[in-house]
Amino acid sequence: MSEKTLVTLIPGDGIGPEIAESVKRVFEAAKAGIEWEEVQAGLPTFESTGELLPANVMASIKKNKIALKGPTTTPSGKGHRSINVSLRQDFHLYANVRPIKSIPGIKCVYDNVDFIIVRENTEDLYRGIEYKIDKDTAHGIKIITRQCSLDVGRFACDMAVKLGRKKVTILHKANIMKLTDGLFLEAILSLQSEYPSLVINDMLVDAACMQMVKNPTIFDVIVTENLYGDIISDLGSGLIGGLGVASGGNFGSYKAIFEAVHGSAPDIAGKNLANPTALLLSAVTMLDFMGKGDVAKKIQDALFKTLRSPETRTRDLGGSLGTKEFTGALIANL
């Protein structure tokens with residue numbers, strides 16, 4: 001029997017533990033060859049320990065170099081900072097990848113959507129550098145560097161070449177933010193000579209939002225800054241059925257963390273109502289990244305077969321199954 005690969009699992013909070021359990025059941029049934037090292041981070045952990053990311057979480061990711069993470073709660077306007085942002089910055093996971101691809105059987109406005117969003121993950125306004133000027137005025141600092149722009153640009157272009165894609169589109173607002181967005185645009189455009197097989201073009205992010213709704217087939221690979229990428233990733237998810245069926249991964253030079261991109265949905269936590277598809281798709285991407293393409297395809301095929309039938313979907317997708325029952329149906333389709 002082949003040795004299992006150790007992967008860090010952060011179930012998260014809210015519906016996180018339920019959908020993480022679904023992934024564990026599916027991986028065991030598919031004989032995926034993964035051993036989970038489970039560590040806790042999220043709102044209950046922060047409230048009980050005062051630590052956003054306990055030392056054992058960071059040590060586990062540092063050791064294993066690959067992690068799967070469920071959703072975690074981030075309070076709006078007060079409280080602790082985002083665990084996702086902290087992990088991306090602490091491990092310099094500079095590229096966030098969100099595939100936007102139609103899923104067979106999930107009815108949407110379009111049925112032929114297929115592009116990838118690559119988002120710079122460590123700087124921009126999401127560095128969280130904010131301060132109060134007075135009680136009525138607050139400032140936030142936008143940071144763009146040439147090196148981070150080149151890093152994410154090369155990542156997007158390398159991925160495009162590897163996947164046989166033909167075009168990389170840079171989204172920006174360099175017409176208004178001439179220094180910051182101008183630097184991002186200039187840096188990535190300078191890579192064109194390194195990638196003769198690719199067309200590298202650019203588009204204003206607001207115009208791109210309109211085109212994503214009107215004609216999403218014009219996009220192949222998109223590369224953009226942190227804030228714009230966060231917003232258009234959710235817009236793209238809406239084109240394929242919502243955040244419940246959207247996968248995500250964060251990549252650095254030596255580590256990768258794969259995650260469900262939706263929220264923790266505390267209102268349905270513990271009620272057997274959560275859809276585990278997003279975390280399952282992220283876990284499939286993780287297996288591909290680890291060189292386990294055969295078992296990744298096996299799980300994805302079973303998942304798509306399960307989603308194709310209204311009888312075996314979760315309630316958010318028009319079915320009637322709970323989290324556990326959906327997982328059982330998927331396992332039956334393996």
Side-chain angles (χ1 to χ4, degrees), residues 6-28 34-76 79-91 93 96-98 121 126 230 233-234 237 242-251 255-287 289 314 316 322-324 326-327:
L6 192 61
V7 171
T8 300
L9 175 63
I10 306 170
D13 56 61
I15 61 172
E18 296 170 78
I19 60 176
E21 183 62 29
S22 175
V23 172
K24 289 161 66 175
R25 286 179 59 194
V26 171
F27 271 42
E28 182 179 3
I34 298 296
E35 181 180 345
W36 302 106
E37 182 172 63
E38 194 166 324
V39 291
Q40 300 301 322
L43 185 58
T45 304
F46 179 77
E47 290 176 341
S48 63
T49 68
E51 292 184 283
L52 186 64
L53 288 166
N56 69 317
V57 175
M58 305 303 281
S60 177
I61 298 171
K62 186 175 181 180
K63 176 186 65 173
N64 298 329
K65 297 182 173 57
I66 298 177
L68 181 69
K69 177 189 166 297
T72 50
T73 302
T74 304
S76 295
H80 66 269
R81 66 187 297 218
S82 165
I83 290 174
N84 289 339
V85 171
S86 296
L87 286 170
R88 293 164 187 171
Q89 292 181 356
D90 290 350
F91 289 110
L93 304 173
N96 177 277
V97 178
R98 293 279 291 272
N121 224 8
Y126 278 24
D230 192 8
S233 292
D234 280 18
S237 299
L243 292 173
V245 295
S247 63
N250 303 281
F251 299 86
K255 297 175 181 65
I257 298 178
F258 300 84
E259 62 187 357
V261 299
H262 54 69
S264 57
D267 55 319
I268 62 168
K271 298 179 180 179
N272 195 37
L273 295 174
N275 180 359
T277 297
L279 192 61
L280 281 163
L281 285 172
S282 298
V284 164
T285 306
M286 180 189 79
L287 290 173
F289 176 77
T314 49
D316 58 309
T323 313
K324 295 176 183 177
F326 175 82
T327 305

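Quick caveat: nothing in here was measured; it's all calculated off a predicted structure.
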Measure the [atom1]-[atom2] distance between [X] and [Y] for me, rounded to the nearest 0.5 Å.
X	Y	atom1	atom2	value
Leu53	Ser86	CG	OG	5.5 Å
Leu68	Glu259	CG	CD	9.5 Å
Leu9	Leu279	CG	CG	8.0 Å
Thr73	Leu43	OG1	CG	5.0 Å
Ile66	Ile257	CD1	CD1	11.0 Å
Thr45	Ile10	OG1	CD1	10.0 Å

Could you tell me whether the side chain of Pro54 reaches within less than 4.5 Å of the side chain of Gln40, counting heavy atoms only?
no
Would you check if Leu280 and Val23 make a side-chain contact, meaning some heavy-atom pair closer than 4.5 Å?
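Yes, close enough: below the 4.5 Å cut-off.
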Under 4.0 Å between a side-chain nitrogen and a carboxylate oxygen: does that hold for Lys24 and Glu21?
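So Lys24 pairs with Glu21 through a salt bridge.
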N-O pairing of Arg98 and Asp230 below 4.0 Å:
no
Shortest non-hydrogen contact between [X] and [Y], atoms and distance:
X	Y	result
Ile15	Gly263	CD1-O, 4.2 Å
Leu6	Trp36	CD1-C, 4.2 Å
Ile19	Pro71	CD1-CD, 3.7 Å
Leu87	Met58	CD2-SD, 4.1 Å
His262	Gly244	CD2-CA, 4.3 Å
Thr314	Pro276	CG2-CD, 4.4 Å

Does Asn64 form a side chain to side chain contact (heavy atoms under 4.5 Å, CB included) with Val7? I'd like the steps, not just the answer.
CA-CA 6 Å; Asn64 298 329; Val7 171; 5.9 Å; no
Would you say [X]'s side chain and [Y]'s backbone share a donor-acceptor pair under 3.5 angstrom?
X	Y	answer
Thr8	Ser60	yes
Thr323	Ala274	yes
Glu18	Asn272	yes
Asn121	Leu93	yes
Asn250	Arg88	no
Thr72	Asp13	no

I'd like to know whether CD of Glu28 has more than 12 heavy-atom contacts from other residues, nucleotides or ligands below 6.0 angstrom.
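No, the 6.0 Å shell around CD holds no more than 12 heavy atoms from other groups.
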Looking at Lys324, I'd like to know if its NZ atom is crowded, meaning that more than 12 non-hydrogen atoms belonging to other residues, nucleotides or ligands lie closer than 6.0 Å.
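Result for NZ/Lys324: open.
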Contacts of Asp316 meeting salt bridge (charged side-chain N to carboxylate O under 4.0 Å, His left out) (sequence neighbours excluded), chain-then-number -> none
Only one of Lys62, Lys63, Lys65 passes salt bridge (Lys or Arg N to Asp or Glu O under 4.0 Å) with Glu37; say which it is.
Lys63
Quick one, Leu287 with Ile34, criterion side chain to side chain contact (heavy atoms under 4.5 Å, CB included). Give me CA distance, side-chain angles, the key distance, then yes/no.
CA-CA 9 Å; Leu287 290 173; Ile34 298 296; 4.0 Å; yes
Ring-ring centroid check Phe91 Phe251, cutoff 6.0 Å
no
